[in-house]
There are 2 protein chains.
Amino acid sequence: MKRTGDLKLIQELNRSIILETIRKYGSISRSEIAKKNELSPTTVTSAVAELINEGYVVEGGTGTSSGGRKPILLNFSPDNHYLIGVSISYSKITIADMNLEAKINMKKVYPTNGYTGAALINYLLQLLEDFYAAQQDDRQCIGISLIIQGIVDSKKGVVHYNPVLLLEDVYLRDSVEAHFNLPTWLDNDTNAYVLAEKNFGHFQEVENLIYITIGEGVGSGVIVNNMLSRGESGGAGEFGHTSIDYHGELCSCGNKGCIENYISWPATSKKIMKEIEAGKETILTTYLTSDKLFITPSEFVEAVHTGDGLAVAINDEIAEYLSAGVVNLVHLFNPEVIILGGDVTNQNQILIDAVQQKIKDKTLKTLYQDVDITTSSLGKEFEMVGAASVLLQDKFQFKLTHDNRGLKTNL
Amino acid sequence: MKRTGDLKLIQELNRSIILETIRKYGSISRSEIAKKNELSPTTVTSAVAELINEGYVVEGGTGTSSGGRKPILLNFSPDNHYLIGVSISYSKITIADMNLEAKINMKKVYPTNGYTGAALINYLLQLLEDFYAAQQDDRQCIGISLIIQGIVDSKKGVVHYNPVLLLEDVYLRDSVEAHFNLPTWLDNDTNAYVLAEKNFGHFQEVENLIYITIGEGVGSGVIVNNMLSRGESGGAGEFGHTSIDYHGELCSCGNKGCIENYISWPATSKKIMKEIEAGKETILTTYLTSDKLFITPSEFVEAVHTGDGLAVAINDEIAEYLSAGVVNLVHLFNPEVIILGGDVTNQNQILIDAVQQKIKDKTLKTLYQDVDITTSSLGKEFEMVGAASVLLQDKFQFKLTHDNRGLKTNL
DNA sequence: TATACTTAATAATTCCATTGGAAAAAGTAA
DNA sequence: TTACTTTTTCCAATGGAATTATTAAGTATA
């Protein structure tokens, strides 16, 4: 059922706009807010009064005046509420409490201990209970946000498919919600990352944005028209399982030539080891010891920067394959920004530059001019910021849309 | 600038909901509308009064009662207003006036006469002027809607790129708008078709929908979260220029292995002629005369249905390549429906079934279960219905969105 | 220092679409 | 004929924002 129009709707919308303005512009006066949004000063005054009352906003100092009463500056107050972010990866569960700006207060990392399926869920609930119990101050908890790899239906709160952790159609959100009696969110990890870039990164104004992550697997989060594209059951953005070679190698998904098989870290790692075993001279061998028979992504990136022959060649190969996939994305989504994230691209500007360069001649000119290939604008805590973003986006970002040309009074 | 909340907003939203309900459910009483949308009867009464006054709605007869006053039935009144739809293709310009249900009243088809660039635009304006002058009744014209192939920025009203008609960065919408002083819309043709399926076809409830057209070129229109994905400059949905073969043939766009080069009608046609010239036995030769040295798509489809060896083999080849592209779409968009349209797929259920069958083993199971490959649900006038849809969608479909979980009062 | 001018914030009032309740209209059931 | 239903409309009340006026708190200048 569509929501109908009533006075409450007006108020919520305006309060949301006002709070968003304060969050975005930092120290800002009431009258400035009114001007920016074409709202009346009174509306702003009364909405701000409530926001102050609820602890979302504080008054802080006065601004400068060019002849008149000095403005009272308003600031977003992120520390009166907190939220709990949870990231579930193959090897570890990370839990943190954060303020409303996704700033971490306390973070704990636990190994998954090989738990899978129902045992993993029980383990998670236990960890969360301990963590929640340790939060003993007067801040108000606005909810819990969980992110996890795989196909996740965020609307229903279901993990449809996670073959490594052996989760299939698990109603994780409802379990947690019932257990803690706190509003709970659940989403796919790459979806969370792209929301993080959109809400807390450098790409807040970008309406069509793609985040690609290259690590154990290859995935993506896609924002179309300012909204996350989740698809029918949460499976949108499976970039790793788009094919770039019709005649390519068979993938576990049944398709041939999936990009994941060319550029994921396991694929790359395998390629490196093969070359080493074949006796190829490379600096990468120095990272191997009798205790550690593998190379890490960051070691690889380091070797690329030293100009190591093998590393540079393989890095270029990744760029080559990746750019083939990226061209398809540009032609399908016409995005403004494509962010390359994950272990392999981290600190690897050479790779990013190579992709930007390589797609140039393979892309329709108009679309190439629009797109910028770049790196993540968030730091190392992008996982927790992602989890926070899922919750905050849903709770506070309240928008009106009317197709593409804005709202008009033409009915 | 975001629209802010005021009383006008409430009214527009509710009127839009009410009109939509009447359009959708046909004969319906005021009290039924109120119940369905959880609006008060009074609100419905006053909104309906205005809608009747403006000619969008009429009262028509009474319904049955189970003990009480009989309901006065309301109906959408599509014939008090009209709109002008224009489709510009490589070979012809089609103009029609339609009612609010996209029912064509008068349609005219003109050859483009080889005009391109500015000459084409002048020719178009001349044709439109004559057509508009011939509309001499008391219906009110709500606007003009133009659709055209190529990269079109509908927000700005610009044809960015149409290499065949030699249009580059042409501000077509503003030209027409100024010339006729009528609200004007401009959009890409496949975008229009997918909107037509969404508004007037069998897929009105589908939130993630893709329309692929295979003809002179290969294009697509994509609906994500109930909204058209247009991308940054209107270039989204260039499915024809997504590659399925990293090692494939060089395409005019600079990329290799673009699907357009495998399955467009020119590509298919070339393949057929080559086989015929090589002496291959096929029923298709009977379509060739000394006057007509080519085969049409519908002749090809006919031959497929007769079981002609060559036609069947080539049809299956198309299905094979197309399914490779479709798998990528499924993995990226997780859509509920993919519609195959255009000359080559028209009446070609064999092709559609083959694609549905072929993607089965190449797609992640969860996503395969969601998707249905099917044919257009509109008749032969899909072009004009498409043009009408662009306008009507923008003018009447007014929605509230709040991320994915619906609106809540939780701020 | 006094006065005029600016700008910000708030208060009082007005405006207006929705709502809820009452009433009217138009029936059905017995 | 009477009692009950259902649909529709009328009317006053509600509660948001907008408008206008007022107060607060400054600056600029004679």
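Residue numbers start from 1 in every chain, and the chains themselves are labelled A, B, ... in the order their sequence lines are given, proteins ahead of strands.
Rounding to whole angstrom units, CD1 of residue B:Ile72 and P of C:dA25 are separated by 13 Å. Between the CD atom of B:Glu50 and the C1' atom of C:dT18 there is a distance of 13 Å, rounded to whole Å.
Near DNA chain D, meaning a heavy atom under 4.0 Å away, the residues from residues 22-31 of chain B are B:Ser29, B:Arg30, B:Ser31.
Side-chain atoms of B:Ser233 do not come within 3.5 Å of backbone N or O of B:Gly231 as any donor-acceptor pair. Checked by atom type and distance alone, the side chain of B:Ser27 never pairs as donor or acceptor with a backbone atom of B:Asn75 at under 3.5 Å. Judged by distance alone, with hydrogens and angles left aside, the side-chain atoms of B:Ser29 form no donor-acceptor pair with the main-chain N or O of B:Pro71 at under 3.5 Å.
In this structure, the separation between CG on A:Asp394 and OG on A:Ser154 is 8.0 Å, given to the nearest 0.5 Å. Going from atom CE of B:Met98 over to atom CG of B:Leu100 covers 10.5 Å, rounded to the nearest 0.5 Å. Note that CG of B:Asn199 and CD of B:Glu197 are 10.5 Å apart. Values are rounded to the nearest 0.5 Å.
Among the heavy atoms of the strands lying under 4.0 Å from A:Pro71 are primed sugar atoms or P, OP1, OP2 only; no base atom is included.
A heavy-atom distance below 4.5 Å is not found between the side chains of A:Glu32 and A:Tyr25.
Relative ring orientation between B:Phe180 and B:Tyr132 is described as perpendicular, the plane-to-plane angle rising above 60° on a 0-90° scale split at 30° and 60°.
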Heteroatom pairs (N/O) under 3.5 angstrom, protein to nucleotides 14-18 of chain D:
from, atom 1, to, atom 2, distance (Å)
D:dG16, O5', A:Gln11, OE1, 3.3
D:dA17, OP1, A:Asn14, ND2, 3.4
D:dA18, OP2, A:Ser40, N, 3.2
D:dA18, OP2, A:Ser40, OG, 3.1
D:dA18, OP2, A:Thr43, OG1, 3.0

Set out, line by line, the N/O atom pairs under 3.5 Å between protein and nucleotides 26-28 of chain C.
from, atom 1, to, atom 2, distance (Å)
C:dA26, N3, B:Arg69, N, 3.3

Item to complete: Starting from the C-alpha separation in whole Å, work towards a yes-or-no answer on side chain to side chain contact (heavy atoms under 4.5 Å, CB included) for A:Arg3 and A:Lys8.
Response: CA-CA 11 Å; A:Arg3 176 162 184 185; A:Lys8 216 68 211 157; 4.1 Å; yes
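Among all heavy-atom pairs drawn from A:Ser389 and A:Ala192, the shortest one is CB-O, 4.3 Å.
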